[in-house]
Amino acid sequence: MEMKYNFDEVIDRYDTNSVKYENAKEEEPDLKDDFIPLWIADMDFACPPEVIKAMHERLDRKILGYSDILDSKYMDAVKNWMYMHYEWIPPMDHMVISPGVVPAISNLIQLLTDENDKVLILTPAYKPFYSAIVNNKRIPIYSSLIYEDKKYKLDFENLERQLQDAKLFVFCSPHNPTGRIWTEEELRKVVALCEKESVSIICDEIHQDIHREGKQYIPLMKLFPEKNFIYTCTAPSKTFNMAGNHLSNIFIPNNDILKKWCDKFYYLPNPLSIAATEAAYSKGSEWVKELNMYIDKNFEFIKNFFERYMPKVQFEIPEGTYLAWFNMKNYGLSDKDVHDIFIKDAGVFIEGAGMFVKDDEDWIRMNIACPKVILEQALNRMKDAFANN
């Protein structure tokens with residue numbers, strides 16, 4: 001199939017204040033000078049041209065004053081996207097905006113719990129969940145995912161025990177870092193357990209639009225439109241490579257919590273972010289379709305590369321996200337040695353053991369949302385760096 005959009009384009013991101021590139025050596029001083037950054041989860045693809053055009057048109061209006069979402073275009077774009085892709089009609093009268101999903105989770109933790117309450121997360125976990133809990137003086141507790149038959153699964157017995165002590169469950173769907181897309185059966189069991197123990201759920205759905213061909217993501221609130229203890233966090237940031245625009249859409253079905261949010265948290269969005277999000281959700285479907293096709297091919301390339309050149313690596317293509325999650329245990333090296341080989345020898349900046357709270361020993365997370373030529377270069381460096389191990 002001929003692609004309309006060019007995901008092979010290599011874009012120079014230096015001198016743009018890119019955290020992924022220009023802050024990398026602050027994070028890892030031992031990186032080689034010609035390092036390849038495959039760590040932080042933004043993409044190295046150009047934003048959709050429809051988004052860039054909309055931002056240019058907004059700039060042409062010449063004034064970037066105080067702005068808010070004051071007409072129906074933004075809300076319609078969000079609602080129509082969710083319905084078109086998931087047959088879900090979100091409760092738009094219960095939607096608020098936030099500068100990001102992580103700040104929204106922190107805000108919701110403040111509203112839904114008190115100091116020293118216990119907040120549950122699945123491990124391995126996206127570390128900012130942990131930070132949001134402890135920075136708000138709450139206590140993190142964990143339910144470990146089971147890795148079995150080359151796939152991660154929920155341990156429902158353990159989950160039920162842990163929920164008995166929890167006030168809140170921060171649930172990631174699709175899961176970061178493993179890439180699991182939870183089935184309807186799994187989602188229903190999670191909600192049933194939470195309802196039984198009177199535990200609220202914050203569901204981070206930021207990766208919802210990125211999934212392999214044939215995999216279907218289900219928004220949690222779609223299954224339970226009548227439940228008012230499920231809080232859903234969405235954003236265009238991962239889908240359209242717009243993380244720097246700092247605009248996310250948060251659904252709060254509980255009227256009391258919605259009022260408290262509106263009373264306590266006040267955020268006026270950037271006018272360019274409004275224009276970008278409207279364009280992304282109203283005109284970006286074909287771009288996302290091709291994006292997923294390209295990412296699928298990158299994953300197939302990685303799988304074939306590991307099988308041929310690095311057979312000790314344990315890797316399965318994830319169901320969702322653009323994050324490869326693979327295990328280095330068969331090399332017989334310590335996590336520190338593996339880290340040092342990636343950083344010092346290969347010059348490939350990844351995130352590994354110790355960065356995902358718990359249950360991440362021997363595991364590596366690598367962002368593969370980049371032109372294939374960059375991915376191929378990184379994999380060849382890895383092959384050479386680990387050749388003698």
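In this text, all values refer to a predicted model and were calculated from it rather than measured experimentally. Side chains included, hydrogens not; waters and symmetry mates left out as well; all remaining heavy atoms used.
Residue Tyr86 is grouped with residue Leu220 when hydrophobic side chains (ILVMFWY) are merged at heavy-atom distances under 4.5 angstrom, including chains of intermediate members. A continuous path of ILVMFWY side-chain contacts below 4.5 Å connects Phe45 to Val10, so both sit in one hydrophobic cluster. Phe349 is not connected to Ile341 by any chain of hydrophobic side-chain contacts under 4.5 Å among Ile, Leu, Val, Met, Phe, Trp and Tyr, and they are in different clusters. Note on Phe265 and Ile109: same hydrophobic cluster, where clusters join Ile, Leu, Val, Met, Phe, Trp and Tyr whose side-chain heavy atoms are under 4.5 Å apart, directly or indirectly.
Using a 4.0 Å cut-off between charged side-chain N and carboxylate O, Lys227 and Glu195 make a salt bridge. Using a 4.0 Å cut-off between charged nitrogen and carboxylate oxygen, Arg212 and Glu319 do not count as a salt-bridge pair. Checked for salt-bridge contact, Lys283 and Glu278 miss the test: no charged N lies under 4.0 Å from a carboxylate O. With salt bridges taken as basic N to acidic carboxylate O contacts below 4.0 Å, none links Lys189 and Glu185. Remark: Lys260 does not engage Asp256 in a salt bridge, criterion side-chain N to carboxylate O under 4.0 Å. A salt bridge links Arg13 and Asp44; the closest N-O separation between the charged side-chain nitrogens and carboxylate oxygens is under 4.0 Å. Electrostatic pairing of Asp114 and Lys137 does not count as a salt bridge here, judged by no charged N lying under 4.0 Å from a carboxylate O.
In terms of modelled atom types and a separation under 3.5 Å, the side chain of Lys264 and the main chain of Asn107 share no donor-acceptor contact. A donor-acceptor pair under 3.5 Å is absent between the side-chain atoms of Asp117 and the main chain of Arg138, judged by distance alone. Looking only at distances, a side-chain donor or acceptor of Thr234 sits under 3.5 Å from a matching main-chain atom of Asn249. In this structure, the side chain of Ser67 does not engage the main chain of Asn270 through any donor-acceptor pair within 3.5 Å. Trp39 contributes a side-chain N or O that, together with a main-chain N or O of Lys20, makes up a donor-acceptor pair within less than 3.5 Å. Listed for the Asp204 side chain is no donor-acceptor partner under 3.5 Å among the backbone atoms of Ser173. Formation of a donor-acceptor pair under 3.5 Å by the Glu22 side chain with backbone atoms of Thr16 is found in this model. In this structure, Gln314 contributes its side chain and Lys329 its backbone to no donor-acceptor pair below 3.5 Å. Not one N or O on the side chain of His175 forms a donor-acceptor pair closer than 3.5 Å with the backbone of Gly179. Between the Ser18 side chain and the Tyr14 main chain, no donor and acceptor come within less than 3.5 Å of each other.
For the pair Glu290/Lys4, a side-chain contact is recorded, criterion being any heavy-atom separation below 4.5 Å from C-beta on. Between Thr178 and Pro124 the shortest side-chain heavy-atom distance falls below 4.5 Å.
For Tyr331 and Phe386, the gap between ring centers is short of 6.0 Å. Taking the centre of each ring, Tyr126 and Phe356 stay at or above the 6.0 Å mark. Checked against a 6.0 Å centroid threshold, the rings of Tyr267 and Trp261 do not count as neighbours.
For the residue pair Trp363/Asp335, the side-chain donor-acceptor check at 3.5 Å is not satisfied. No side-chain N or O of Asn292 forms a donor-acceptor pair with one of Tyr322 less than 3.5 Å apart. A donor atom on one side chain and an acceptor atom on the other are found under 3.5 Å apart for Asn136 and Ser106. With 3.5 Å as the limit, one finds a donor-acceptor pair spanning the side chains of Ser144 and Lys358. For Asn254 and His94, the side-chain atoms include no donor-acceptor pair closer than 3.5 Å. Judged by distance alone, the side chains of Trp325 and Tyr152 do bring a donor and an acceptor atom under 3.5 Å apart. In this structure, a donor-acceptor pair under 3.5 Å is present between the side chains of Glu205 and Tyr217. No side-chain donor from either of Gln208 and His85 sits under 3.5 Å from a side-chain acceptor of the other. Side-chain atoms of Asp8 and Tyr294 form a donor-acceptor pair, as typed in the model, at a separation below 3.5 Å.
Taking every heavy atom of both residues into account, Phe129 and Cys172 meet most closely at CE1-CB, 3.8 Å. Looking at every heavy atom in both residues, Met382 comes nearest to Phe326 through CE-CZ, 4.0 Å. The minimum heavy-atom distance linking Ile364 with Met328 is given by the pair CG1-CG, 3.8 Å. For Arg381 against Gly347, the heavy-atom pair with the smallest separation is NH1-O, 3.4 Å. Contact record, Phe229 with Cys194: CE1-CB, 4.4 Å, taken as the closest heavy-atom pair. The two atoms that bring Pro371 and Glu9 nearest to each other are CG-O, 3.2 Å, heavy atoms only.
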Check the pair Tyr74 / Leu247 against side-chain contact (heavy atoms from CB on, under 4.5 Å), numbers first and verdict last. CA-CA 12 Å; Tyr74 183 98; Leu247 186 54; 3.5 Å; yes
Verify ring-ring contact (aromatic ring centres under 6.0 Å, His included) between Phe251 and Tyr231, making sure each step is shown before the conclusion. CA-CA 6 Å; Phe251 297 95; Tyr231 302 83; over 10 Å; no
If you apply the rule side-chain contact (heavy atoms from CB on, under 4.5 Å), what do you find for Met82 with Glu87, and how did you get there? CA-CA 7 Å; Met82 297 301 178; Glu87 296 183 347; over 6 Å; no
Criterion side-chain contact (heavy atoms from CB on, under 4.5 Å) on Phe7 and Met43, from CA distance to verdict: CA-CA 10 Å; Phe7 295 99; Met43 299 189 279; over 6 Å; no
Test side-chain contact (heavy atoms from CB on, under 4.5 Å) on Phe240 and Leu291 and set out the steps. CA-CA 9 Å; Phe240 301 101; Leu291 168 72; over 6 Å; no
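Both the sub-6.0 Å distance and the 45° axial angle are not jointly satisfied by Lys25 relative to the ring of Phe35. Seen from the ring of Phe301, Lys372 counts as a face-on cation partner, given the 6.0 Å and 45° thresholds.
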Between side-chain atoms of residues 158-165 and protein atoms elsewhere (two or more places apart, or another chain), which donor-acceptor pairs fall under 3.5 Å?
from   : atom 1 : to     : atom 2 : distance (Å)
Asn158 : OD1    : Ser143 : OG     : 2.8
Glu160 : OE2    : Lys196 : NZ     : 2.6
Gln162 : NE2    : Tyr142 : O      : 2.7

